[in-house]
Each structure stands twice: as C-alpha cells, then as structure tokens.
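Structure first, then comments.
Given the structure is predicted, the values throughout are model-derived calculations rather than measurements.
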Amino acid sequence: MLSLTERSICNYLAFSVAPMMDWSDRHCRVFHRHLTRRALLYTEMVTTGAVIHGDRERLLGFDVSEHPVALQLGGSDPRELAQAARIGEAFGYDEINLNVGCPSDRVKDGRFGACLMAEPELVARCVDAMKQAVAVPVTVKCRIGIDDQDPEVALDALAHAVVASGCDALIVHARKAWLNGLSPKENRDIPPLDYERVYRLKRAMPDVPVIINGGIRGLDEARAHLEHVDGVMLGRAAYQDPWRLLGVDQEIFGEASPHATVQDALEAMMPYIEQQLARGTRLHAITRHFVGAFHAVPGARAFRRHLAEQGGKAGAGLEVLRDAIACVGARAPAEAA
C-alpha cells in the first residue's frame, strides 16, 4: 500500500501537462490553468547554468494562479542541480523535476537529457543531492531506454537507482530515444510506443508513483491508462487541442470545471493579458497559445485567422482577442469546443 505521503503525491500527479520546449511558457500555463484547476503544470526545461547565472525572474517567474506548477531542470552536476532546485523552491515551485528524456543534440552535448539513461548512478546522485536541498517533491522524467539499450534492463536500472535515492515519482515517456540517427522531432513519433513496458514497471514497483507519457491523445485514453498507472501526462494533445483540458477536472477528478466553455476561459484571462500588455509583453506572445482553442465549431477558422493576422501587429491589444472570440459561434462545452 502507498503511504499517505505517496497517495498525496499520486493525487496531484494523476493528470499533468508535459514540459514542452518553446510551448509551455508562463502564458501557456496561465491559459491551461483557466481550463483545469487540478492538472499539474510544468515549465519548459531550464538548465542549471541558466538558473544559477541567468535572469531568474525572466526564466523562473510565474503567476500565482499557476499552482500547482513544477520546475523542470536540465543538468547532470549534483551540486549545480541542488543549487538550482533550491532556487526553484524559493521561487515557490511545487515540485522539481529532472529531465532524463529530452533527445536533442544540444542536451546530449551538455550531458543532460536522455543521454543520462546510460548513467543511472549519476542520475541517482543528482536526485539525492536535490532531495537533500529541498522539501518539495523531486521527480524524474525519463524514456524507456536509448539507442541499443534493452528497455527491460535500462528502465529498471534507472528506476531502482533513483528510487533508492529518494525520487518521489517517475514520469516515463513510453518510447526509446534514438540519439544517433533520429532528429528530436522524429524521436516524438518514430520509435514505437510501449505502454506495456511502463505498466510492467508499475507492477514491479507498486509503492512508487508512476506516470505515463507519450502519444496520449485525449481523456478517454488517459482514463484507460489510469487503470494501470498512477498518473497520465498529456503533451502535444494538450497544447494543440487545449479545449480537451476543460474536461480534466470532471472526468479525472470528479470535480466541476473552472469554466463552462473555452470562450469563458479566454474572457477570464483578460485581466492577466491586460496586465502583461502593460508590462510590455506583445499580444502574440500570449495568443499564440490559443490557436487550437476551438475545434469543430462555427467560426473556429476565422478565430485563428484573425489572431494570426492581427495579433502580431505592433500595439495589438485586447480588442484583437475580443474580435477573434466574437468570430466563434456556439458557446459549446468542453466536448464540442
């Protein structure tokens, strides 16, 4: 049986939106929070060097409405990760996550991301250092293996090593990452998904919260996975079709959605957008995350076109978003949004 602490961790990890480079920035997360109160949101990956030496407010600042929100770190030096985790906790993040899954050349050259699947003991030392540094949960997001590794061996080796070091939960992208021969984009689709491998990990480690990620397209699939694991992480489907998130609180947590329609959620964002515009943020930096907000309703294409044509213009303001929303016909609930 899971302990009370472990059950609490499972509860908040039951549904999450994946960390996605260039996508899950602070504006995206505020939008997603207006669609679901309960989903755990993640930052884009931030390297330890950037956290320690960079503009922390720009890199780590977030709106209080985003809670619960997790910071994903990229790095492989235990001392630097501990320092970066401490900084993240001080900023108010609810969880610190270590990236052991990104397959890009940049992270491989920097000795972090998916290449660390080959160094489970180093990852364990990193987790131990972060656990010693912070009181919030420390989690690891990984693949089932890389290149010619046997996923049966590689995933178990990493999982056992990090859990022994105190890792609070494992988030497993159910694909291998091919660091030699495939681009990062190809790594999102070409290696076959192996959900059963993640299920086997959960059965082998019943006391460890295990969250599944990779290729999950909607809430029906999410509920099916929750028969086998503790949580589901939605990535591209959440970003490209954010209307899906309106059903999360009701269908996953049995609670009311924060808003009845996507239109209502966008209108509720107006004060935030107005505040950001006053700070010099361009409208397009926020509205670029709304492109997939509507699906199969009258005016959805006109909504996208208006934002694309007007949202990027210098001085574009709230009236652009209001006019775009006015293009959409039916104020449909989540399932038809």
Side-chain angles (χ1 to χ4, degrees), residues 15-18 20 22-39 41 63 65-66 188 215-223 234-253 255-337:
F15 189 91
S16 55
V17 178
M20 294 174 281
D22 300 322
W23 291 2
S24 53
D25 64 19
R26 65 179 73 187
H27 309 309
C28 176
R29 297 192 304 267
V30 170
F31 176 40
H32 287 174
R33 181 57 69 221
H34 279 279
L35 300 172
T36 165
R37 295 186 183 95
R38 293 295 305 273
L41 306 178
D63 191 83
S65 68
E66 295 176 39
R188 294 196 293 263
I216 301 166
R217 292 170 292 188
L219 299 188
D220 287 344
E221 292 184 20
R223 288 195 302 271
L234 212 64
R236 282 175 288 167
Y239 187 86
Q240 293 168 351
D241 300 312
W243 53 270
R244 297 180 186 276
L245 297 179
L246 263 185
V248 167
D249 291 5
Q250 182 175 358
E251 296 188 35
I252 303 298
F253 297 99
E255 299 178 3
S257 300
H259 297 285
T261 68
V262 176
Q263 290 98 319
D264 293 336
L266 290 174
E267 288 169 3
M269 276 196 71
M270 295 292 185
Y272 171 82
I273 297 172
E274 190 170 35
Q275 179 187 67
Q276 290 297 314
L277 293 176
R279 293 178 178 177
T281 303
R282 292 176 65 92
L283 182 69
H284 176 70
I286 303 170
T287 59
R288 71 187 184 95
H289 301 300
F290 303 164
V291 171
F294 298 101
H295 172 72
V297 297
R301 183 176 299 177
F303 170 85
R304 294 191 295 269
R305 183 171 60 246
H306 189 78
L307 286 185
E309 292 176 353
Q310 304 299 323
K313 293 183 176 180
L318 281 176
E319 71 284 350
V320 172
L321 179 57
R322 290 195 177 100
D323 290 344
I325 294 172
C327 294
V328 182
R331 301 183 68 80
E335 288 302 311

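In terms of modelled atom types and a separation under 3.5 Å, the side chain of Arg282 and the main chain of Gly312 share a donor-acceptor contact. Panel note: side chain Arg322, backbone Gly317; no donor-acceptor pair is recorded below 3.5 Å. Without hydrogens or angle criteria, Arg37 side chain to Ala256 main chain gives a donor-acceptor distance under 3.5 Å.
Residues Leu277 and Leu318 come closest through the heavy atom pair CD1-N, 4.1 Å. The heavy-atom pair separating Glu221 from Ile216 by the smallest distance is OE1-CA, 3.6 Å. Heavy atoms only, all atoms of each residue included: Gly311 and Ala316 are closest at O-CB, 3.6 Å. Summarising the geometry of Lys313 relative to Glu309, their closest heavy-atom pair is CE-O, 3.4 Å, with the distance given to 0.1 Å. For Pro242 against Gly292, the heavy-atom pair with the smallest separation is CD-O, 3.3 Å. In this structure, His34 and Pro258 approach most closely via the heavy-atom pair O-CG, 3.3 Å.
Distance check, rounded to the nearest 0.5 Å: OG1 of Thr36 to NE2 of His259 gives 11.0 Å. Expressed to the nearest 0.5 Å, how far NE2 of His284 lies from CG of Leu307 amounts to 9.5 Å. To the nearest 0.5 angstrom, Met20 atom CE is 8.5 Å from Gln240 atom CD. One distance of note links CG of Leu266 with OG1 of Thr287; it measures 10.0 Å at 0.5 Å rounding.
For Arg38 and Glu255, the salt-bridge test passes: some basic side-chain N is under 4.0 Å from an acidic carboxylate O. No salt bridge links Glu66 with Arg26; every basic N to acidic carboxylate O contact stays at or beyond 4.0 Å.
Of the N and O atoms on the side chains of Asp249 and Ser257, not one donor lies less than 3.5 Å from an acceptor on the other residue.
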> Given Asp25 and His289, is the side-chain contact (heavy atoms from CB on, under 4.5 Å) satisfied, shown in steps?
Replying inline: CA-CA 9 Å; Asp25 64 19; His289 301 300; 2.8 Å; yes
> Which is it for Phe294 and Arg304 under the side-chain contact (heavy atoms from CB on, under 4.5 Å) test, yes or no, and what are the steps along the way?
Replying inline: CA-CA 9 Å; Phe294 298 101; Arg304 294 191 295 269; 5.7 Å; no
>> What verdict does the side-chain contact (heavy atoms from CB on, under 4.5 Å) test give for Leu219 and Phe15, after you've listed the backbone C-alpha separation in whole Å, the side-chain angles of each residue and the deciding distance to 0.1 Å?
In response: CA-CA 10 Å; Leu219 299 188; Phe15 189 91; 3.7 Å; yes
> Between Gln310 and Asp323, does a side-chain contact (heavy atoms from CB on, under 4.5 Å) hold up when you go through it step by step?
Replying inline: CA-CA 10 Å; Gln310 304 299 323; Asp323 290 344; over 6 Å; no
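Residues Arg33 and Val30 have side chains not in contact (no heavy-atom distance under 4.5 Å, counting atoms from C-beta outward). For the pair Glu267/Ile325, a side-chain contact is recorded, criterion being any heavy-atom separation below 4.5 Å from C-beta on. For the pair Val248/Leu35, no side-chain contact is recorded, criterion being any heavy-atom separation below 4.5 Å from C-beta on. Annotation: side chain of Met270 is in contact with side chain of Leu321 (closest heavy-atom distance under 4.5 Å).
Atom CZ of Arg223 is surrounded by more than 12 heavy atoms from other residues, nucleotides or ligands within 6.0 Å. Shown here is Gln250, whose CD atom has no more than 12 heavy atoms of other residues, nucleotides or ligands within 6.0 Å. The neighbour count for Glu274 CD, taken as heavy atoms of other residues, nucleotides or ligands under 6.0 Å away, does not exceed 12.
When Met269, Gln275, Gln276 are each tested for a side-chain contact (heavy atoms from CB on, under 4.5 Å) with Ile273, only one passes: Met269. Among Tyr239, Phe303, Trp243, Phe31, the one residue that satisfies the ring-ring contact (aromatic ring centres under 6.0 Å, His included) test with Phe290 is Phe31.
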